[in-house]
Amino acid sequence: MRFQSRRGTLAEMGVGDLMGVWAEVLDIAAPEGGVPRAGSQGLDSSSAAFGLRLMEMGLVPGTRVRVVSRAPWGCPLRVELRGYHLSLRKDEAARVRVEWAQASAAVGEAR
Amino acid sequence: MSSRRWAVAGNPNVGKTSLFNRLTGARHRVGNHPGVTVETRLGRLQPAGDVDVELVDLPGTYVLTPDSEDERIAYRVVAGRAPECKVDGVLVVVDATNLARNLYFLHQLLELSVPCVVALNMIDAAEQSGLEVDACALARALGCPVVATSAESGRGLEALTRLLAGTQLSAEVESYVGGWRADAPKIRGGLDVEVCLEALATAPGPEKSIDSARGRWLISAAVAGRALEHDSTPAERDALAQLTPEQLQAAARALTIARYVEVDRVVEDLGLVAKVDQGPSFTERLMARSEIIDKVVTHSVAGPLLFCLVMATLFEAMFTWAGPLVDGIGDGMAWLGSGAAAALGEGTLADLVNEGLIAGVGNVLVFVPQIALLFLFLGILEDSGYMARAAFLIDRIMRRAGLSGRSFVPLLSGYGCAIPALMSTRTIPRFRDRLVTMLMVPFMSCSARLPVYALIIAAFFDADRPVWGPFQLGALILLGMYLLSTLTALLVGALYRKVLLPGPTPPFVLEMPPYRWPRPVTVLRHAFDQTMAFIKGAGSIILALTIVLWAALSFPRVDPLTLPAGETAIEHSVAGTLGKALEPVWTPMGQDWRMGIGIIGSFAAREVMVSTLGLVYGIEGVDEDEGPLRDKLSSAVDPATGQPRHTALSGLALMVFFAFAAQCMSTQAALKRETGGWRWPLFSFVSMSAIAYSAALLVFQVGRAMGLG
């Protein structure tokens, strides 16, 4: 049994058998479409300000996080990190890049 | 006697309010800070000793780079930038079950070199879940006193009280508490941060140079949003302009990461880090019960159903349970009125006191039961933790209107009274989103509209007729009105969002606290404060307008005996003349000049419509449950055509008008306070009047064309 390190976003962690699996935060992805001028946007989910807020709530690189549940019809997600639960929409969770270990049964492979 | 003032700050959901209540006992008041649209709670430390200690309860905040109005207020006070509220230090309430994030906030405070005392709250809950936190070790690590407290059981409160009062600590209390450390923890962020701090420190300008603590805050504030606009000087902004957005963002990130590295180090030193393979983590144990409950509460099907049930109970409470209290107040006011009449006799003064003063006070007090009950209910939902889940469920719908689940609670409060609802929008971060929510609030059918609906339904519809099983026509129409107003609020919000105040949809990042039993003292205090907000915000205006209205309805005086049959004295008053003159306005929506006078009257307070109509129809001392007004309304016949003057259709049109009309001057005043000017209240008033009139017109004309009335 090998463990492979897989990378993706927190939004992907809320799907199927990835729910409940612990992942480690790599980074908060930069917003699409370049870097908006600092201070001009306030808190909308694609801005740098929002990225900072996510980090200030505890989603800094190295933090252990997992998706606990989803709301009906797909969003928002509920995640556990640093001792508490936080709810995030899917597009907001998609900014959090994470890495997790996935078991892959590789037949005949010795370790 | 010396005095001290401590601010009480902390993350939301840490039991800060409970602790504040326990420390101040029964004595607290709501203070108003000039220039800042906030009422913070102030209290005196109990038991009062030699030192007079005042506590200022600040809104809960996660970080010190503020984004919402609430957070801004908290920041200003703790940073010493609120001259009207200077504090000697900050009592930081920290949740022992959730240390990491709480410590982040604490570190930001310590960076500002603010004297701090830490209350390690919820220590009982922590120990029950198997978490042992050593307050002394934490105090040594942080460099400030830490007292383990539990607001529920009262543990640690005595030690905390003595600390805040600065009195000598006894030996056994000393064991709870570490010592002070003079220097602030140095959070290094690496090169990115140093570059920025250097640039800020050496920036040219007449002011003193920006020190590293202030510099750190400015860097984070520059990236975090609009904090800079309100809380920095032009010289500081110029200094920041030297740096590119990329540099600032890199520095802000580095600072945040560095703070958490420090926090993690402290947590690890305390031995609080759970090993991965040692069974369920502490958090899992704490949240286990909540997660089970949430399987139902946030379930795809059961969740929304439960939500509807909760809403239905809320309404039932407001309408039915408040009934006896409302009647009681009505009777009380009537008794007072007759007493005054007996004492003062006949004449203008007696009428002023009776129909102006006492009626005015009555108009305000009569809503207190409903409003208090609503806020009691909402307080229970909030304290138990359900409200966060409800916002979670409703977020999907709010996104369609361009808002987030955060707007949900203020809108819900609007069913009681718009004034506290407007105040509770302060937790919404961006002004645009806050404004749209505030413009939606008056559309939510507040409790003042209820007497009008009740009268019209009783007069023009066969209210008791069973329509579908146990449901009566009257109840269904009422429900319909509430649904109509809610739907309109959402549509209007969506429209304003797209056309008037465009912007990105606000994000929805909300903490889900563990479920807990609501604490009676906290909930009752909260309901009390919100009700007082209504009385203070609306009371004087309603009273003043009732007196003005009474004058408009009473003067010029005409002797009833000199009038031809069928005319009442009120027709010749100022308001009456106005009502008659405006008849061309009332007729297209199916009303006549008598209703017109009632509508004019209802601009003082909506429920005044009922008593005004009573005067118009020549009935004294009416209230909407009495037969006479109802019967007069339904049997009124137009002498010219022989047709009934009012029908079910015209009644419906009138209700629709009331649902949408912006008649509450107190709401406009509150809107002015919250938005800082008359522009938006004026817009609200004009737009709502236009919508009300058009809708009523539409209902009446279309209904007539369809042959319904």
Which portion of [X] sits near chain A, non-hydrogen atoms under 4.5 angstrom:
| X | answer |
| --- | --- |
| B/R432 | neither |
| B/Y104 | side chain |
| B/T244 | neither |
| B/D294 | side chain |
| B/V63 | side chain |

Query raised in the report: Given that the side chain runs from C-beta out, which part of A/V79 has a heavy atom under 4.5 Å from chain B: side chain, backbone, both or neither?
Result: neither
**Report entry** Of all pairs that satisfy salt bridge (Lys or Arg N to Asp or Glu O under 4.0 Å), the ones with a partner from residues 4-14 of chain A, not counting sequence neighbours
**Finding:** A/R7-A/E99
Report summary line: Closest non-hydrogen contact found for B/Y260 with A/M57 is OH-C, 3.4 Å
Query raised in the report: Which heavy atom of B/R253 sits nearest a heavy atom of A/L52, and at what distance?
Result: N-CD1, 4.2 Å
Query raised in the report: Is a side-chain donor-acceptor pair under 3.5 Å present for A/E56 with B/Y62?
Result: no
Could you grab the distance from atom [atom1] of [X] to atom [atom2] of [Y], nearest 0.5 Å is fine?
| X | Y | atom1 | atom2 | result |
| --- | --- | --- | --- | --- |
| B/R101 | A/L86 | CZ | CG | 8.0 Å |
| A/R82 | B/L99 | CZ | CG | 11.5 Å |
| A/L77 | B/F392 | CG | CZ | 7.5 Å |
| B/I257 | A/D27 | CD1 | CG | 7.5 Å |
| B/E511 | A/Y84 | CD | OH | 6.5 Å |
| B/L510 | A/R89 | CG | CZ | 11.0 Å |

Query raised in the report: Is any side-chain heavy atom of A/R78 less than 4.5 Å from a side-chain heavy atom of B/R389?
Result: yes
Query - Over 12 non-hydrogen atoms of neighbours within 6.0 angstrom of CZ in B/R289 - result: no
Requested in this report: Using salt bridge (Lys or Arg N to Asp or Glu O under 4.0 Å) as the criterion, list what pairs up with B/E71, not counting sequence neighbours.
Outcome: A/R53
